[in-house]
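Below is one structure, written out as structure tokens; comments come after it.
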Amino acid sequence: MVQVTPFLLMLSLALVASGFSVRKQCVLSGRWVNDLGSNMTIGAVNGKGEFTGSYHTAVTATRNEIQLSPLQGSQHRINNKGQPTFGFTVNWSFSDSITVFTGQCFVDENGKEVLKTMWLLRSHVDNINDDWKATRVGINVFTRLPSQK
């Protein structure tokens, strides 16, 4: 009976440990699509939490042809919980406007990565009297696109 006790102890520890799931890290780098069909690519996040990438919007309020636009941002690096907060700016290549996004990278209960964001878009206006219509606010949810091979 003395020899069985260590075996039962190890077996019970293994069963308890298997009940705990290891939380997947949410990683910003990669290709993403949002709920409006816009595509975004985020490059590697450096040691300071900085990253660059590109954004191809599916929607616009201008009549200009949509073009791929650069983005640059920062991820909060102190959070070691695997679901970082971040922010980035898109400088639209085809209009006199700029958008700032802020959000958090989540891993849902199925292990799927999701970026929940809120944004402010500032458009150019010709005078201060039109300032009231120059800023828009919204939300977007991004999901990861499969990697290209």
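The closest donor-acceptor contact from the side chain of S93 to the backbone of L68 lies under 3.5 Å. D108 contributes a side-chain N or O that, together with a main-chain N or O of N110, makes up a donor-acceptor pair within less than 3.5 Å. A donor-acceptor pair is defined here as one N or O able to donate and one able to accept, closer than 3.5 Å; no such pair exists between the side chain of T143 and the backbone of V114. Remark: side-chain polar atoms of S123 are not paired, donor with acceptor, to backbone N or O of S97 under 3.5 angstrom. Panel note: side chain S29, backbone G43; a donor-acceptor pair is recorded below 3.5 Å. At least one donor-acceptor pair closer than 3.5 Å links the side chain of Q83 to the backbone N or O of V107. In this structure, the side chain of R31 engages the main chain of P146 through a donor-acceptor pair within 3.5 Å.
No continuous path of ILVMFWY side-chain contacts below 4.5 Å connects I42 to F106, so the two sit in separate hydrophobic clusters. Hydrophobic cluster membership differs between L121 and V141, with clusters built from Ile, Leu, Val, Met, Phe, Trp and Tyr side chains linked at under 4.5 angstrom. A continuous path of hydrophobic side-chain contacts links F94 to V90 [ILVMFWY only; heavy atoms under 4.5 Å]. Grouping the Ile, Leu, Val, Met, Phe, Trp and Tyr side chains by contacts below 4.5 angstrom, directly or via other members, places L115 apart from L145. Taken together through direct or relayed side-chain contacts under 4.5 Å among Ile, Leu, Val, Met, Phe, Trp and Tyr, F86 and V27 form parts of separate hydrophobic clusters.
Residues D126 and H124 have side chains in contact (heavy-atom distance under 4.5 Å, counting atoms from C-beta outward). Looking at N140 and L36, their side chains come closer than 4.5 Å, going by heavy atoms from C-beta outward. Side-chain contact between K116 and Q104: absent, with no pair of heavy atoms (C-beta onward) separated by less than 4.5 Å. Residues Q75 and P84 form a side-chain contact, since some pair of their non-hydrogen atoms from C-beta on lies under 4.5 Å apart. Side-chain contact between T99 and W92 is present, with heavy atoms from C-beta onward closer than 4.5 Å.
Here R136 contributes atom CZ and L120 contributes atom CG; the two are 12.5 Å apart, rounded to the nearest 0.5 Å. The distance from atom OG of S54 to atom CD of Q72, rounded to the nearest 0.5 Å, is 13.0 Å. In this structure, I66 CD1 and T60 OG1 are separated by 5.5 Å, a value rounded to the nearest 0.5 Å. Within the model, atoms CZ of F142 and CD of E113 stand 14.0 Å from one another, a figure rounded to the nearest 0.5 Å. Here the CG-OG1 distance, from L71 to T89, works out to 8.5 Å after rounding to the nearest 0.5 Å. Here the CG atom belonging to N64 is positioned 7.0 Å from the OG atom belonging to S95, to the nearest 0.5 angstrom.
Heavy-atom neighbours of Q67 CD from other residues, nucleotides or ligands within 6.0 Å: above the threshold of 12. The number of heavy atoms from other shown groups lying within 6.0 Å of CD1 (I139) does not exceed 12.
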Y55 and F101: ring-ring contact (aromatic ring centres under 6.0 Å, His included), yes or no, with the steps? CA-CA 12 Å; Y55 198 107; F101 288 79; 5.6 Å; yes
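A search for side-chain contact (heavy atoms from CB on, under 4.5 Å) contacts involving D130 returns V125, N127, W132, K133, not counting sequence neighbours.
Here R122 does not pair with D96 in a salt bridge; the nearest charged N to carboxylate O distance is not below 4.0 Å.
With hydrogens and angles left out, the side-chain atoms of N39 and W32 include no donor and acceptor closer than 3.5 Å.
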